[in-house]
Structure formats: C-alpha cells, structure tokens
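Atom set for the values below is all heavy atoms of this structure, side chains included, hydrogens, waters and symmetry mates excluded. The chains referred to below are lettered A, B, ... by the order of the sequence lines, with proteins before strands, and numbering in each begins at 1. Keep in mind the model is a prediction, meaning the values are calculated, not measured.
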Amino acid sequence: MLKIKDLHTHIEQFHILQGVNLEVPEGSVTVVLGRNGAGKTTTIRSVMGFYPNVKGDILFQDQSILQQPPYTIAKHGIGYVPEDQDIFAGLTVEENMRVAMRKEDDKTRERQEWLLDLFPDLKLAWKRKGGHLSGGQKQMLSIARALVNDTPLLLVDEPSKGLAPIMVEKVMEAMNVIRETTTILLVEQNFIMASQLGDYFYMIDDGQTVFEGEMKLLQEDEGLRKKYLGIA
Amino acid sequence: MNIKKMYSKSEAVAGGGTSGAGTETPKGNRAGTSKPMKNPFQSMTWQKAAWIISLLILFAVPILVSKNSTLFMLTNIFIWAVFAMSYNLLLGYTGIISFGHAMFFGIGAYCFALMARHIPQGELGFLFAFGLTVVICFLLSLVVGLLSLRLRDTFYALITLAVATIFVIIAEQWRTMTMGNDGFNFTAMLSRDLFGFIDLLDRQHVYYIALIFLVSMFVVLKRFIDSPVGRTLQAIRDNEDRVSSLGFAVLNYKLISNIIAGVMAGLAGVVYAISIRFVSPDSVLGVENTIDVLLMTVIGGVGTMLGPIIGAGVVEVSSHYLMGLSHIHPIFERWVILFGIVFILIILFFPAGIVGTINQKLRGKKKEGAS
Amino acid sequence: MDTSASVKSTDSLQGDERNSERNKIIETVKLTKSFGGHTAVSDVSLSIFDKELKSIIGPNGAGKTTFFNLLSGQMKPTSGEIFYKGNEIQNLPPHKRTKLGIGRSFQITNVFPTLTVLENVRLAVQAKHNIHYSMFRHYKYYKHLEEEAYQSLEKVKLEPKAEHLASSLAHGEKRKLEIAILLSLDTQLLLLDEPTAGMSVDEVPQIIEVIESIRDQRDRTIILIEHKIDLVKHLSDTIAVLFHGKKLADGSPEEIMNNDQVQSAYLGGLYNDAED
Amino acid sequence: MELHLTLVFNGLATGMLIFLLAAGLSLIFGLMSVLNFAHGALFMFGAYMGTWVYILIGGWDSNLGNLNFFIGMAAAAGIGIVLGYLVERFTVRQVYGNHLRQILITTGVMLVVGELVKVFWGPNVIRVVQPEFLTGYFAVGDVRLTYYRVFIIIFSTVILALLLFMLKKSKLGIVVRAGVENSEMIQALGINVRKVFTLVFIFGTMLACIGGFMWGPYQGQVNPAMGLDLMLIAFIVVAIGGLGSVAGSAIAAVLVGLSEAYMAYYFPPGSLAVNMLIMAAVLLIRPTGLFGATR
C-alpha cells in the first residue's frame, strides 16, 4: 500500500534521512522502531509532505505522492496522527471532528458514530475545548480525527508518548480494532505496544533503515533489541 | 602558525552579515601566510586603492563642480546615507524593524532649527543643538527601547510607529514653537562665520561638513560593527535565544544598538537642517521619512556597510531625475510607485540588495577560483 | 567494557557514603512544570554532586529536556525550587545562570548560521571573559579570544572548518560546534542534551572522547541526557531515570540497570507488571 | 448627562467604523501572523473607488435616489476583493513565515497602492456628502442621534454578528480558527490552507474597503493621508484586542472610539496619544492583547 524508496530528506541544511526504504503491505501493521533522533518522525512527516526537500520516491497505492502538498496527500486517504496530537486547543471536540470531515455526508457521520463508540471518552467530552482534554483524550481525538474520512492508511507517531499506562492500554485496544479495517504505519518506542500490535518492523538508525523483519524476530532476539532501541 | 593561517582565510569566506568586516583588516595578519591567498590579498590592495581614490574624488568635487544644485544633491545623499546607515544598524545588524526612526532625524533637525532661530549668536546655538540632540535621542531611544524591545518584532514596529506619530502631532500642534504644519525657514539666522571659518550659507562649506560627517560616522559605525558588541548583535540577529544562553543580556545589546542608531539618526537630522535650512513635520519627522530610509537600506543592501550609502545615492539621484521628467508625463511625479515596485522585487528576488548581491557574486567567483 | 566502566565510576566516587560529605552543586526540590493540563516534570527532587557525571535517562516524553530547560532557565518552573551552590536560581533569566556557571548544549542544533564557525565559538569565549560592552575596539584586538576559540574547535576536531559559515556544516559537525561553544563557556556545570543525536557512527566516538576527557579531569560537573544506554553506562557516575515526568530511580549505573521498574518502564509501561 | 450620552454615541459610531477597518487586519494578523502594513493603503483605495462611483453615479443619474450609495459600497467591496487577491497572490504569499520580510513587502505594497490612489484621483481632498436618506438626526431627550451614525452602528453590528456567527458555526470559520492555531495540522487533514489564507486576506481587504468607503461620508471627505492615519488606529485596535480575536477587536475598537470622542471634546490634539498610551499599557501588561490567545 505504501512504499518508500531510498528516501532522503533535508531540513534546512540538515541531511536528516539518508536512505529510508520501507514497505507497508495492505492490511498490516508495520512498526518503525529506532531510538530518539533516529529519523522515525521525519520519515512519517516526509510521507505527509511536510518537507520541501525530499528525494527518492514515496508510492501510495502504486502512485507517487512525492512533492505533493500535505493536503493532497491527506485527500488520497492517508490519515496522520502526529507525535504531539496537535489537537486544536480552542476548538471543542465536536469542532475538531468537524474540521477534519472533508464531506459531511451520511457515510462520514456513520464513521464518526463508529469512532465515538470506539472512544466513548470523546462522547463524554463532546462539547469541551480541546485544550482542556487529558492527554489520553487528546490522543483518542487525534486518532478519531484522522479516521473520520475514508482512510485506507493511517500514520501514527508514538501514540503512547507521555500517556498514563491505563491510557496506553485503551489506545492499544482501539488500535487493535482499527487495524481490522485500516492499514497502519506506526512509530513507537514503547516496545510492548509495538510488539503486540506490529506484524512487521523496520529499524531506523541515523536516518537509514538498518534492519527489518517479522515482529517475532525482534521479540526473540534481545541482542538486536538492545542494539537499536538502546534498552538494556 | 596554524591559527594565523585560519585568520586570514576566515576573512575571505566570511558571510553575508560580516561582509563589511572582511574588507579592511590590518594587513599584518596576512603576513606570513604560507597557503596561496593571492586573490583576496590582491583585491585587498585594490580595494584600498579604490577607497582612497573615491574619497579623493569626493573631496575634489566642489573644486570641479560649481553647480550648487549638484553640490546640494550630493550633500543630501551624504546625510541620508548616514541616516540609512543608522537604520541599517537596526534592520541589517540587529534584525529589528523600526517604523519610527524618522523621529530621531526630525528631533535633530528641529533642535538645530530652533537653536538657529532662538540663539542667533552662532557657535553656542550650533554646539547646543548637537548636544541637545544627543541627549534627547539618547533618552528617547533608551525609553522606547525599554518599552518595546522585549516584545515581539511586529510589536516593536508598531510601538515605534506609534511613538513617532506622537512626535509628528506635537510638531503640528505646538504652533508657537514649531509653526505647526507649515514649518519654518531659518536661512537668515545662519551664521556666515561660524568658528571664524565656516560659512553655513556656502554650499561648498556645507558639502564638506556633510562629507566629513559621513566619513566619520562610517568609521565610527564600522568600528562598532567590528567591536565585540557589534559581533554579538549580529549573533542576536541570527539566533536571539542562543545568545542569551551564552550569558549575554540580549536586551541590553538591543538597547545599545537602538541608542546608537537613534543618536546617529539625530545627528544626521542636525546636518540635514543645516543643509536644507527649513523644517516642517512632513519633511523631517513624518513616517514617509522612515519609509524612504527603509527603501534606501533595502535597495542598497541590508547588513552591509556600503549598502545604505549606495541606496541613498540611488534613491536620491533617481528620484531627482524622475521628478525632472514630470513635464513629460505627470506619472513621474509619482516616482514613489516605481521605487515601491523595485523595493518589492528586491525583497522577493534579491533580498541582499545591490551591495549584498554583488558581494555574493564576488564570493561565488572567489570560491570557484579557489577550487 | 561494562566492568571497566563500573571500576572507573567506583574509583571516582568511592562509594555512596561519600556523597553526603560532598557538595551538591545543583539541587532541585519538588520541581514541577505543567503545560496546560499536561505535567511534563512532576515533583522532581534531585541532587547533583560537584564534579560528578550524572546522566538522566528515560523513554521519550519523560520530561528530560523540559527538566534541562528548567535548570538552564529557558523555562520557569510551575512550582518547586532550584538551588545552585546553595542559592535559589529558579527565577533567574538564562544569561544570568550562564554567568553563574551553568552552560548547556541544545538537542536541536542551535548555532548562528550566518557567522563563521570560529566566530560562533569566539562569541562564547567573549561571553566567558565578560567582554560585554566594549564598543569601539576591534574585536580582533582581543586576540586571545580567537586563540581560545580555536583551541575549543581543536578539541572537537572541527578546526579545519573554522572559516566556514556555520550554515554550511553537516549535521554532525554542527553538533560538534555546539559542544565547542559549550566548552568555550568554561562553566562549572555542563548540561549536555543528547550530544550525539543525529551524528554518524564514526563521529560519535570523537564526542565521547571529549566528554570522557572532561570527566576524567574531574574539575567540573556534567549532566548528560542520552539515549544510547551503553554509552550512558560507560560514562556516568550516577544515573537518574525520569518516567512520565517523575523521578523513577537514582543511583549507580549497576543499580539502575538492575532495577526492575526501570526495565519495565523502558520496555513499555509499568502496567504489565501489575497484570503479572 | 446629555453630553456624555452624545459622546458615548459618537464614540460608539466611530468605534464600530474602526472595527470594520480593523477586523480584516486582525484576522490576517491572527491567521497568518502577517502584520499587513498595506492595510491602510488598501482601504484608502477602496474608499476612493467607492466614493468615486458614488459621486459619479449620483451626478449622472439623480433618479437612482439613494441607490448610488449602495452601488458605491458595492464598488468598494469589489475593488477590495480584486486588490486582496492580487496582493496576497503576488506578494504576501511569497514570504509567509518570515516576519521581517512580511513587514517589508507589505510596506512596499503600501507605497505602490498609496501612490496609485494619487495617480487615479489626484493628491487632493475629495468632498463627500452623506446620502440623502441618512442626513439629519432624531432626538432622544436632548441627545441628537444622527442617522448616518445610527446606520454605521447598525451596519457594523450586523457585520460583527455575521463574522462571529461565521467563525463560530460555519465550516470555514472553524477551519480559520483551527488554522490560526496550527496551520500544518490543518493541511494534514486535507485542507489547502493556502486557499483559506487567500480567502481570509480577500475577505479582510473587502471589509476594510467597505469601512473605508463609509468613512468618507462620515468625515465629509476622503484624502490621501487617511490610509496611514487610520491604519495606525487599526493597528492599535488589533494590538489591544489581541491576535485574531474578532470580538477583541470589536471591544478594542469601541474603546478607541470612545477615547477619541472624549478626547475630541476635551483635548483634541491628545486623542491619538491617549490611544497610543492605552496600547502601550496593554502590550506591556499582556503582550498578546486583551483577548489574544497566550501562545
């Protein structure tokens, strides 16, 4: 569904990505791992088209989306859940959802209902301002917002970051439901979450994909885990 | 040895902001360089010669040219160049944009004009005007800076504009003192033998005053830009927070820049009053003057020593010329349109201005030659 | 490698019991920082002793950089105090803290792009020598400044690029420049925020060497944020672990590495333990 | 008492008119963080264009009655749309994200547009009379309420209500509010934020041009200095009201209008100075303005 070929991203003068290759098969959850500053977030943001200076190629459903503006990429059906959730703090939960809706038709409203069933917390906070939500609610809203349109591919950047353990669990449960209908590319440092959700993983280090394989492989190989995640 | 080598090379490649600094370092540093540094070395002497020759020409102008209107125009270019240089200290070297710079210029001009009117004895009023200008501009830039420099850049622009407008209003309303909107002429009050040898009514004399003023202000400003404080200012322009985390009190540095720019603009105003012998709110205090000086700085090249001088020359000469064409078509009376368009194009396509763009080209060539 | 590191650290510290006799150079008391509803640093009380190298680790979002920002003055705490050599400093602006002797490097490289590499460092030296309001003397008058700056560049092996514009440097080189600037400030306390982030594999050892040599001189204190755990183990005298803004553990590298809580925090959530 | 009622009424009218000028500036400032120095020149152009049409049509066909006033207003709105598009497309759009260059380039636009006004309509004052149906006054007690002022207050209040409603309830409004907060995330949701920027810029300029046009009959004239003078006041309003806050701008505008009215009565030369002082005080205490988001 998504193919990244030899991706090089420059941000200002910095050569951040120096050859990222990865493939997200349809229906899978593919996890990008790597320690801080390795280039995981940059990879996702490059897919979303946030950087003007990107070389290599990015194919979505076999069509190149390289050099397209972010809004076009989003319209192709790629949902984005950023690292810091980026909830619009001055907008209510309802408005946050509405801003995301590209069409206000029955289908979209149906999807919204489904998402609210998935995240009942959001229903409770429906009229509250985004800025007043808890971290977990923000994360749920961010995911729901990305999925309210027809979204075959979801890019999720560290959904567990800064969340209380109970919230991490909730988010993970929801992701388990979402994966049934949506292909997911997940950046995650929380290894438990990554290993429970992921089918396949890519390891990024110093802006390059350095290792890939079935998630099982990583679960079994502690040495590898230590080496790239920096856990001991 | 190693360090020396590096010193000399650093001059050659130094960047846009420091390009002025690269031109005039003492030759001593270059002696004993082992690596081939021919190009910059040659261009150094060449540049020095160019400096001396152009200065000689400028000093010889009154002897060669007797037309008063030409002298008058050159005199005004020199004065506006100083005014623009002071603006450039803010815009180009500190990275802040002021819309109230004309208030200092106007205060200087009014100081001189009022002194000329009320203390006709000459020397005393003359010196007093300079002294008073320095004091007022110092205090005003200090207060305005303290009020506005902590705020975001856009608000600094806003507050300076607001304060400057207050001064325009004062000049317009305080009729007994300033004659209001009409302004006043003080030609008759000017001394013909100031300190026994200066005739303020002689265009040649005024020309030399302005030229010497320009040269001395250039030297002072150059010195300042190359001083530790000046270098710190350029770093602030690049990255304010980082300068602060190095242990510099950023606000104080911006204040210094604000004060020096203010006082320098005030002095330029004094000399301008000497040259035009007339003041009115519009001609010296109005926001239009700040915009003119902004045009000169940007067109000439922000963050370069020569840019404002070239800019002042280009704007003054071409506006004079275009005005002259107004008998062909009245559109030429609206020459500001042309400058506005040029200004927009420069910001879009040549943000370094005339001098900055030439510098970049030269540097590009040097690099090619080196590799 | 592990054993040599532990030998080194016990060597220099000579046991925890000595800590009480040693001076605290910087201490936080119930330090808290909230942004809106989110508490990035929560009730952290931490002491750093004079001349030690302390690392702060923790998973992403644990509040490490925020903690640094509080120490160096980029942010003001919501509550709590910071003491530097016994004096309260939590309300001082960054430049005053630097003058007191707290220098920091930034995670996101943060240099002066239109100035030369040497000039970048020279400014730091100028700050260190307290040459603040000298206005009408040529900056080259202070020749020793440039010489010192050059020495700092040599320490990080960046001297061949001294005359280049900082904007033309590669990412790793900018990180080195960042370190050189910090070294030039010559402060008692060095806060290093992920000094090796984004560096290529062959550049990392050079920086490690620099940090090691400062540590071994034992004349100043270093606080280090770093993700490469092997590196942290090797370098640190003590390690503090932050998790969700709270201090989870604080102790010698061995203690930390054998701490179950730390293990599970890193592996993803303490809740798994509860389930077991 | 009558005096104060009259002054409050006058201040309200002036304030609401200033609001029309400032609303666009505030939206543009809030959404794109562009301090548009060309704003004054743009609404001056609108004022001249509208006034020109208004006078021209009034002289040319007196049978139109009062329609010429509204045709003039439509002309002002129309030129506002055109100018807003041109300026955004060819200058402001090129320099998003760089405050210094934004200020510089809009200053350039101010010069060009301001001079164009003089090219088309000459550098002199043009007299403007109020439309017939709005001349005169009615009295409430001893307070004279002039029709034109009443009209301004009603018209501007309607615009304010529409704006607030639009921002609060319409999709575009929500998008604009979200864009003020985080323009990158808005794009990631599939919205072309550039287009929204352009629309807002056009809309803001159009409002300003309408306001500029209404200013003519209010003051009895249009002149080439009005751009700069009124822009300064609009700046003050935006700074006091806060970034991108429409309601804040309205309140600040009324505040400024009231201080204008009172100063005009008690000490005319001081009116601008008082507003400056209010602005300086607000900015020093709360740099984001009274109603701006603290970011």
Side-chain angles (χ1 to χ4, degrees), chain A residues 12 41 44-52 65 68-104 108 129-131 138 141-151 153-157, chain D residues 26-27 29-33 89 93-98 101 163-200 241-249 288-295:
Chain A
E12 280 156 30
T41 297
I44 280 205
R45 288 175 55 85
S46 300
V47 174
M48 279 315 290
F50 286 136
Y51 302 120
I65 55 167
Q68 289 183 356
Y71 61 91
T72 313
I73 292 172
K75 278 186 191 161
H76 289 315
I78 302 183
Y80 171 56
V81 181
E83 198 176 359
D84 299 315
Q85 296 114 37
D86 288 349
I87 295 304
F88 302 113
L91 273 57
T92 62
V93 173
E94 179 185 12
E95 288 169 337
N96 265 285
M97 290 299 285
R98 194 161 159 223
V99 103
M101 290 183 184
R102 283 197 287 277
K103 282 185 208 139
E104 296 190 37
T108 312
K129 288 250 165 93
K138 279 186 186 163
L141 178 54
S142 188
I143 295 172
R145 193 175 60 177
L147 289 171
V148 75
N149 301 295
D150 184 21
T151 309
L153 176 66
L154 186 66
L155 313 177
V156 192
D157 198 350
Chain D
S26 172
L27 274 178
F29 194 13
L31 178 59
M32 314 173 222
S33 80
R89 174 71 187 75
R93 185 185 291 185
Q94 316 296 325
V95 290
Y96 278 128
N98 185 332
R101 286 178 79 197
L163 257 177
L164 286 178
F165 178 78
M166 218 184 72
L167 276 174
K168 192 84 199 143
K169 297 287 172 198
S170 78
K171 177 73 185 279
L172 180 69
I174 297 175
V175 168
V176 168
R177 275 194 289 145
V180 170
E181 268 187 45
N182 186 339
S183 66
E184 189 181 88
M185 191 59 220
I186 264 287
Q187 295 213 59
L189 293 173
I191 295 160
N192 183 352
V193 84
R194 282 279 157 94
K195 235 181 188 163
V196 180
F197 281 5
T198 313
L199 269 178
V200 170
L243 289 175
S245 163
V246 169
S249 301
T288 47
L290 290 180
F291 301 91
T294 34
R295 273 193 277 174

A.B. asks: Which pair of heavy atoms, one from D:Gly242 and one from D:Ser26, lies closest together, and at what distance?
C.D. replies: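 Looking at all heavy atoms of both residues, the closest pair is O-OG, 4.0 Å.
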
A.B. asks: So, taking the atom named CG in D:Leu167 and the one named CG in D:Leu27, what distance separates them when rounded to the nearest 0.5 Å?
C.D. replies: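 Separation between the atoms: 6.0 Å.
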
A.B. asks: Scan chain D against chain A and return every donor-acceptor pair whose distance is under 3.5 Å.
C.D. replies:
from: D:Lys169; atom 1: O; to: A:Arg98; atom 2: NH1; distance (Å): 2.8
from: D:Lys169; atom 1: O; to: A:Arg98; atom 2: NH2; distance (Å): 3.3
from: D:Lys171; atom 1: NZ; to: A:Met101; atom 2: O; distance (Å): 2.5
from: D:Arg177; atom 1: NH2; to: A:Glu95; atom 2: OE2; distance (Å): 2.9
from: D:Glu181; atom 1: OE1; to: A:Ala89; atom 2: N; distance (Å): 2.5
from: D:Glu181; atom 1: OE2; to: A:Ala89; atom 2: N; distance (Å): 3.2
from: D:Glu181; atom 1: OE2; to: A:Gly90; atom 2: N; distance (Å): 2.4
from: D:Glu184; atom 1: OE1; to: A:Arg45; atom 2: NH1; distance (Å): 2.7
from: D:Glu184; atom 1: OE1; to: A:Arg45; atom 2: NH2; distance (Å): 3.2
from: D:Glu184; atom 1: OE2; to: A:Arg45; atom 2: NH2; distance (Å): 2.9
from: D:Leu189; atom 1: O; to: A:Arg102; atom 2: NH1; distance (Å): 3.0
from: D:Asn192; atom 1: ND2; to: A:Tyr71; atom 2: OH; distance (Å): 2.9

A.B. asks: Just how far is it from atom CG of A:Leu155 to atom CD1 of A:Ile78, taken to the nearest 0.5 Å?
C.D. replies: 6.0 Å

A.B. asks: With chain A, which of D:Ile191, D:Val193, D:Val175 has the greatest number of heavy-atom pairs at distances under 4.5 Å?
C.D. replies: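 Ranked by heavy-atom pairs under 4.5 Å with chain A, first place is D:Ile191.
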
A.B. asks: Only pairs of heavy atoms separated by less than 4.5 Å count here; which of A:Ala146, A:Ala89, A:Pro82, A:Pro69 has the most with chain D?
C.D. replies: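 Highest number of pairs under 4.5 Å: A:Ala89.
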
A.B. asks: Does the side chain of D:Ile186 come within less than 4.5 Å of D:Val196's, by heavy atoms?
C.D. replies: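 No - every pair of side-chain heavy atoms lies 4.5 Å or more apart.
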
A.B. asks: Under 4.5 Å from any heavy atom of chain D, what part of A:Ile73 do you find: side chain, backbone, both or neither?
C.D. replies: neither

A.B. asks: Write out all pairs satisfying ring pair (Phe, Tyr, Trp, His ring centres under 6.0 Å) with one or both partners inside residues 171-194 of chain D, taking only residues at least two apart or from two chains.
C.D. replies: none

